[in-house]
Amino acid sequence: MSTDPRWYTVREIDERLDLPKGSAFRRFKKIEPFLEEGEDFLVLHHEHDRAAIEPLRAADRIYEASINIVLIDKETYERSMKAEPQ
């Protein structure tokens with residue numbers, strides 16, 4: 001999963017678009033009620049998904065202080081960028 005180009009981390013989106021930390025996550029939260037977890041996005045929980053989180057951390061794909069990780073698929077990423085920031 002961590003090498004799957006279908007999934008973006010919020011850090012990658014923030015950096016790709018030169019946005020301040022947290023911008024991509026806030027935009028994602030605006031459209032989250034219209035999304036399906038497991039299809040449009042994934043949530044990696046620090047207790048249950050440690051094996052998936054550690055490679056992301058080692059590759060510097062997530063923020064250092066991140067605990068639970070949201071992975072956003074490419075289509076959802078594009079939709080979230082159209083949402084107005086909060």
Side-chain angles (χ1 to χ4, degrees):
M1 171 187 342
S2 65
T3 58
D4 187 340
R6 177 179 174 204
W7 301 105
Y8 293 92
T9 67
V10 291
R11 179 181 182 172
E12 290 171 322
I13 296 169
D14 284 343
E15 290 178 354
R16 171 178 263 185
L17 299 175
D18 197 27
L19 297 171
K21 179 181 178 182
S23 297
F25 183 73
R26 285 188 296 277
R27 289 176 186 219
F28 161 74
K29 292 301 282 181
K30 286 190 84 164
I31 65 169
E32 183 182 13
F34 308 103
L35 303 175
E36 185 173 329
E37 185 173 351
E39 184 176 319
D40 302 313
F41 69 98
L42 302 174
V43 177
L44 303 179
H45 191 274
H46 70 280
E47 291 179 359
H48 310 293
D49 300 308
R50 194 172 308 216
I53 293 171
E54 287 311 312
L56 296 171
R57 191 174 308 285
D60 227 12
R61 292 183 64 195
I62 59 177
Y63 290 111
E64 189 175 320
S66 295
I67 297 172
N68 298 318
I69 309 302
V70 174
L71 296 176
I72 302 170
D73 80 342
K74 183 177 180 178
E75 183 178 318
T76 303
Y77 152 70
E78 291 169 354
R79 286 177 60 193
S80 69
M81 290 305 98
K82 294 176 184 172
E84 290 296 319
Q86 291 180 329

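Since we're looking at a predicted model, the values are computed, not measured. This chain uses plain numbering: 1 for the first residue, then up along the sequence.
- Within 6.0 Å of CD on Glu37 lie more than 12 heavy atoms contributed by other residues, nucleotides or ligands.
- The distance from the CD1 atom of Ile69 to the CZ atom of Arg61 is 10.5 Å, given to the nearest 0.5 Å.
- The 12-atom threshold is exceeded at CD of Glu54, counting heavy atoms of other residues, nucleotides or ligands nearer than 6.0 Å.
- Across His45 and Asn68, no two heavy atoms sit closer than the pair CA-OD1, 3.4 Å.
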Can Asp40 and Ile31 be said to form a side chain to side chain contact (heavy atoms under 4.5 Å, CB included), step by step? CA-CA 11 Å; Asp40 302 313; Ile31 65 169; over 6 Å; no
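- When all heavy atoms of Ile67 and Ile53 are compared, the closest pair comes out as O-CD1, 3.9 Å.
- No donor-acceptor distance shorter than 3.5 angstrom exists from the side chain of Arg11 to the backbone of Glu64, with no hydrogens or angles considered.
- Side-chain contact between Thr9 and Leu71 is present, with at least one heavy-atom pair separated by less than 4.5 Å.
- Looking only at side-chain heavy atoms (C-beta outward), Glu12 and Tyr77 stay at 4.5 Å or farther from each other.
- The only option from Glu32, Arg27, Arg26 that meets the side-chain contact (heavy atoms from CB on, under 4.5 Å) definition with Lys29 turns out to be Glu32.
- Between Lys21 and Asp14, no side-chain nitrogen of the basic residue sits less than 4.0 Å from a carboxylate oxygen of the acidic one, so the salt-bridge criterion is not met.
- Sorted by first and then second residue, the pairs that involve residues 19-42 and meet ring-ring contact (aromatic ring centres under 6.0 Å, His included), not counting sequence neighbours, are Phe28-Phe41.
- Taking the side chain as every heavy atom from C-beta outward, Leu44 and Leu56 approach each other to under 4.5 Å.
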